[in-house]
Amino acid sequence: MRAFARLLFGRRARLRWIHLILGGALAMPYVFVGAVVVGPAAGGTVVFTSIVLQLASFGVGLPLAALTSLFPLTRPLETAAVRWLCGVDPDRLAEGPARGRAARSRTAAWFTLHLGIGGIVAGMSLALPPFAAVLIVLPLVAGLRDSRLGLPEVFEHPWALALAPVAGVASLLALAGCAAGAGALLARWAPALLGPTPEDRLAAAEARAADLAVRNRLARELHDSVGHALSAVTLQASAARRVLDSDPEFVREALAAIEETTRRTVGELDAVLGVLRDGDAPGTAPAPTLAADLDGLLRRTRASGLRVSATVEAAPGSLPPVLSREAYRIVQEGLSNVLKHAGEGVAVALRVEVRDGHLEITVANPLAVVPGPRPAPRPGGGHGLRGVEDRARLLGGTARAGPVEGTWRLHVRLPVRTAPRPKGLP
């Protein structure tokens with residue numbers, strides 16, 4: 001009994017009833033338009049004095065509702081109402097305006113059903129409760145029996161009068177049952193008519209791919225800028241600690257380099273976070289480029305203990321901005337890998353040149369630099385080279401890394417005349 005009462009009068013049933021009442025309210029303008037058509041056709045009869053003419057007006061108005069449902073906002077509004085009032089899982093409903101003829105047809109079918117069934121239930125909800133109330137109190141109020149309420153003559157009999165309250169309660173239960181059934185029916189049909197179409201799923205997949213591209217881009221930028229800075233600062237601090245008493249001048253230089261590196265990294269971090277904004281905020285530091293920042297990168301790397309010999313046979317200022325920025329990150333990651341995996345004191349050869357319409361970047365260091373086993377790679381390694389490969393691929397170039405004749409060599413080749421900004425780069 002409790003389950004039956006919850007089915008008819010529980011929170012979900014009440015919310016679905018509200019959804020149907022809203023459908024009836026939305027149907028009223030269309031019914032009025034239908035009455036304008038039906039009234040003259042019926043010889044000027046007042047439509048609202050005849051139940052038949054009212055139903056005819058309702059029938060004329062529903063096709064008009066189907067036409068207006070083709071507006072883009074219809075499906076988002078109906079989807080929101082179904083989600084909150086009908087208890088339908090949001091994942092089973094489409095987002096945004098309908099795309100394609102099939103989606104628009106399904107939206108029109110749903111809107112027509114909502115207004116049609118909602119109009120009927122709303123009309124019952126207005127008419128039945130007063131009638132049921134009269135029936136329930138009819139045996140107790142003699143004045144009602146003598147008034148001109150239009151009650152059937154059957155209520156003049158004692159047995160009918162005694163059954164009037166039962167009929168009143170039954171009519172209210174019937175109303176609640178109709179409303180609960182209609183609400184459950186619409187909730188069941190909603191995923192079929194308002195659910196995502198193949199076009200919607202494709203758009204959602206594209207949006208998800210774009211979001212993942214942004215996340216990957218941010219992770220790559222953070223890895224390259226912050227990761228390199230931390231590696232450099234760690235080696236600078238380690239070297240300064242070992243010669244703290246014997247070489248104060250070197251310690252001062254190391255501390256100055258640490259200060260410069262951290263200050264620079266804070267600016268780069270601000271620029272990286274600006275990647276996700278529509279536009280950089282005023283005062284945001286620009287992203288580093290090969291043209292403006294290569295010298296500073298080499299100076300900070302040498303302060304970390306690496307012996308870097310750089311050969312630049314290109315005019316960095318003539319490179320496209322996107323290429324210059326990505327090339328800087330590639331050089332930074334190449335030097336960072338040497339810092340992390342080979343240690344300080346290693347001789348590194350950096351070569352940047354333009355040849356055959358391509359910018360070529362080569363970072364090479366000896367595989368065996370000190371006797372004994374090589375230092376173990378730091379945990380979490382491997383992401384940097386993957387990021388280099390991603391940058392090269394997005395720019396239409398290639399990247400190769402591995403041992404070559406006793407050296408570890410990173411070689412990247414990027415076309416100088418790049419296409420418009422590739423998808424996935426800030």
Side-chain angles (χ1 to χ4, degrees), residues 209-210 213-214 216-225 227-229 264 267-268 271-272 274-276 279-280 284-302 306 308-339 348-365 383-405 407-426:
V214 169
N216 290 336
R217 184 172 70 228
L218 178 59
R220 188 169 59 235
E221 292 289 331
L222 287 174
H223 177 276
D224 290 352
S225 61
H228 173 82
R264 175 79 183 183
E268 291 186 12
V272 169
V275 167
L276 295 181
D280 290 340
T284 298
T289 62
L290 197 68
D293 302 281
L294 178 60
D295 292 339
L297 175 64
L298 295 177
R299 183 175 64 255
R300 294 190 298 274
T301 304
R302 287 168 179 146
L306 286 184
V308 183
S309 59
T311 303
V312 181
E313 296 182 356
S318 64
L319 299 176
V322 172
L323 180 62
S324 183
R325 185 179 68 241
E326 298 304 308
Y328 174 89
R329 291 301 191 197
I330 290 171
V331 172
Q332 183 184 53
E333 180 56 34
L335 297 176
S336 179
N337 277 338
V338 178
L339 281 171
V348 183
L350 169 66
R351 186 175 186 86
V352 180
E353 60 181 338
V354 175
R355 185 167 56 182
D356 298 330
H358 287 75
L359 177 66
E360 297 190 4
I361 301 171
T362 304
V363 181
N365 62 278
H383 299 291
L385 292 178
R386 190 179 306 127
V388 169
E389 293 172 356
D390 290 343
R391 293 179 187 276
R393 184 179 64 255
L394 290 171
L395 289 170
T398 59
R400 297 192 304 272
V404 178
E405 298 178 356
T407 63
W408 179 270
R409 182 175 301 174
L410 170 65
H411 181 75
V412 180
R413 195 166 188 262
L414 307 172
V416 174
R417 297 299 174 188
T418 58
R421 180 178 299 182
K423 194 174 184 179
L425 287 180

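The shown structure was predicted, so the numbers you read here are calculated from the model rather than taken from an experiment. Residue numbers run from 1 in the order of the sequence given.
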Ser324 side chain to Leu319 backbone, donor-acceptor under 3.5 Å
no
Please round to the nearest 0.5 Å and tell me the distance separating atom CG of Asn365 and atom CZ of Arg409.
10.5 Å
Just wondering, do Glu360 and Arg351 contact through their side chains at under 4.5 Å, heavy atoms?
no
Rounded to the nearest 0.5 Å, how far apart are CG of Leu414 and OG1 of Thr398?
7.5 Å
At their closest point, which heavy atom of Ser318 faces which heavy atom of Ala315, and how far apart are they?
OG-O, 2.7 Å
Are side-chain heavy atoms of Leu350 and Leu298 found at a separation under 4.5 Å?
yes
When rounded to the nearest 0.5 angstrom, what is the spacing between CG in Asp390 and CG in Leu394?
6.5 Å
Over 12 foreign heavy atoms within 6.0 Å of CD, Glu313
yes
Are any of the side-chain heavy atoms of Ile330 and Arg391 separated by less than 4.5 Å?
yes
On a heavy-atom basis, the closest approach of Ala399 and Ala392 is CB-CB, 4.0 Å
So, Arg302 side chain and Val308 main chain: donor-acceptor pair closer than 3.5 Å or not?
yes
Is any side-chain heavy atom of Thr311 less than 4.5 Å from a side-chain heavy atom of Glu353?
no
Minimum heavy-atom distance between Trp408 and Leu385, given as atom pair plus value:
CZ2-CD1, 4.2 Å
From His358 NE2 over to Leu395 CG, what is the distance, rounded to the nearest 0.5 angstrom?
11.0 Å
Just to verify, which of Ile361, Leu410, Asn337, Val363 counts as forming a side chain to side chain contact (heavy atoms under 4.5 Å, CB included) with Val388?
Leu410
How long is the gap from CD on Gln332 to OG1 on Thr301, to the nearest 0.5 Å?
8.0 Å
Interatomic distance, CZ@Arg325 vs CG@Asp293, rounded to 0.5 Å, equals 12.0 Å
